[in-house]
Q: 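Take a look at the following structure, please.
Heavy atoms only: backbone and side chains are in, while hydrogens, waters and symmetry mates are out. When a ligand or atom number is given, it counts from 1 through the structure's own listing order.
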Amino acid sequence: MEGRPITLSIDRIQTSAPPEAGNSVLQIWGRSPLHGHVRISGAKNAALVVLAGALLCPEHCRLRNVPSLVDVARMGQILSALGVKIQQNGDVWDIDASDISHSQAPYELVSQLRASFFAIGPLLARLGDVRIPLPGGCAIGARPVDLHVRGLQAMGADVQIHHGVVHASIPGVDRRLKGACIYLDYPSVGATETLMMAATLADGETRIENAAQEPEVVDLANFCRSMGAKIQGAGTKTIIISGVRRLHETDYSIVPDRIEAGTFLVAGAIAHSEISMSPVVPDHLGATIAKLRDIGSRVVRESHDCLRIIPGENRATDIETLPYPGFPTDMQAQFMALLTVSEGNSTISETVFENRLRHVAELQRMGADIRLKGNIAVIRGVPFLSGAPVMATDLRASAALVLAALAADGMTTIQGLQHLDRGYENLTEKMQKLGAKLERVPVEVNAQPEAESSASALK
Ligand code: EPZ
């Protein structure tokens, strides 16, 4: 164990999304066809956890295909605040976590970036003691971390939560976690990833039962294995990790973003346009492609890593979000936008997060016919939506509003672009390259655009 407890403690350092995010809006003129090919970036939800995983390695790590996103930049700032040395050259990050110094990560970053909690497993495994603020909830739900905590406790950690800070430490002289058999009450992606990372350096074997099977979990496992970790079963419900003393350097490329790819597939369907995209891993999009086929599109493989969508007449279907390989909750809002203009009655049941239907009100402002019954949305397709001023409420809701605007009659103005910048790299430029009519325009900071006042009045 390398000693010195690490504290990500509470600093009131102001940080925020890029200044232009809050002071600009996206103007989209709908019903223009799309064409061409779009490049898919590295996966946000793989990059964030792999960056945290680099804390496990006392040597140099080179990460490739790292997407340029606000959340990824924030994770980099948090690692830097911990003493990690990072050299970024485009989408290649060179990371040296050999000397994690005792430092203070900006609390505003940690509290704003839930994914910063991923640091708890690696820091605990390497240093034997860590304090990290409890990640708050967010727009889509309370986002508890009880499964992370209980798993670490099963591995021998003493975990206390006081005043919003999680303090985890390993008692005993060797200060090394012990392998354990852990059953997750829910196949939580984050808990699976936290416990898998912690187990790579534990003494003995850890079995994670009812583990999450998401591709990002597999990408993390492959990253850890490239550093010498002994992990079997990632991508199945049972993951077995045999702890080792030390990991070694690696050069690893992040998997393409299946949610970005799915978002562009829906863009082709909603705009009745044939577009292609790469690189993608088609097997990661099984449920998404199956649902697009139900709705009336064809999705064809042009090569091992290239998909093309050939749209048809969009018709109603029913969707229930589930853990992978079920239909992904991160595609729910985007499909809702598509179903609002698909003929017939559809239902969407959001079973993963308790508050992930806030985009319904904004889609209704654009003329969508949606009725909510708890976590079930009943959608009656309308011939077309009408452009309107709308407000993004969370990351995937912002993407859904962009898609709805592509199909709407007239102009849509989208506010709340800080949500979009968290998870989509250069979305405006990528859409413009496909022929969409949209632009990002600055707004006066103290101006109250007509949209905002009428939107707030209507809420
Ligand atoms: C990851 O969040 C993703 N984020 C989310 O993507 C994604 O929606 C989610 O997995 C599900 O696929 C990242 O990877 C950074 P969970 P995570 O733990 O790990 C409950 C996006 O849009 N739960 O699988 O937080 C939890 O409340 C984001 O890119 C507990 O009860 O998801 C939720 O209801 C949004 N206790 C359910 O499990 C716990 O300890 C699924 O959460 C942990 C989770």
Q: Is it true that T393 and H359 share a donor-acceptor pair across their side chains at a distance under 3.5 Å?
A: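 Judged by distance alone, the side chains do not pair up.
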Q: Which pairs, with at least one residue in residues 206-228 and sequence neighbours excluded, count as a ring pair (Phe, Tyr, Trp, His ring centres under 6.0 Å)?
A: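 Only F223-Y252 qualify under ring pair (Phe, Tyr, Trp, His ring centres under 6.0 Å).
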Q: Can you tell me if N89 uses its side chain to pair, donor with acceptor, with the backbone of V92 under 3.5 Å?
A: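 Side chain of N89 to backbone of V92: no pair is present.
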Q: Would you confirm whether S349, through its side chain, and I376, through its main-chain N or O, come within 3.5 Å as a donor-acceptor pair?
A: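 Looks like no, no N/O pair under 3.5 Å.
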Q: Judged by modelled atom types alone, do Q332 and R356 share a side-chain donor-acceptor pair under 3.5 Å?
A: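 Short answer, no.
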Q: Grab the two heavy atoms, one from T288 and one from F335, that are nearest each other, plus how far apart they are.
A: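 Looking at all heavy atoms of both residues, the closest pair is O-CZ, 3.7 Å.
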Q: Hey, what polar pairs (N/O, under 3.5 Å) does ligand 1 make with protein?
A:
residue	atom	partner	partner atom	Å
ligand 1	2 (O)	R143	NH2	3.4
ligand 1	6 (O)	N45	ND2	3.1
ligand 1	6 (O)	D330	OD2	3.1
ligand 1	8 (O)	D330	OD1	2.6
ligand 1	8 (O)	D330	OD2	3.4
ligand 1	8 (O)	R356	NH1	3.4
ligand 1	18 (O)	S188	OG	2.7
ligand 1	19 (O)	G190	N	2.8
ligand 1	22 (O)	R356	NH2	3.1
ligand 1	22 (O)	R396	NE	3.0
ligand 1	24 (O)	V189	N	2.8
ligand 1	25 (O)	R143	NH2	3.0
ligand 1	29 (O)	K44	NZ	3.0
ligand 1	29 (O)	N45	ND2	3.0
ligand 1	29 (O)	R396	NH2	2.8
ligand 1	34 (O)	V352	O	2.6
ligand 1	36 (N)	D146	OD1	2.7
ligand 1	40 (O)	P144	O	3.3
ligand 1	40 (O)	D146	N	3.1
ligand 1	40 (O)	D146	OD1	3.3
ligand 1	40 (O)	L147	N	2.8

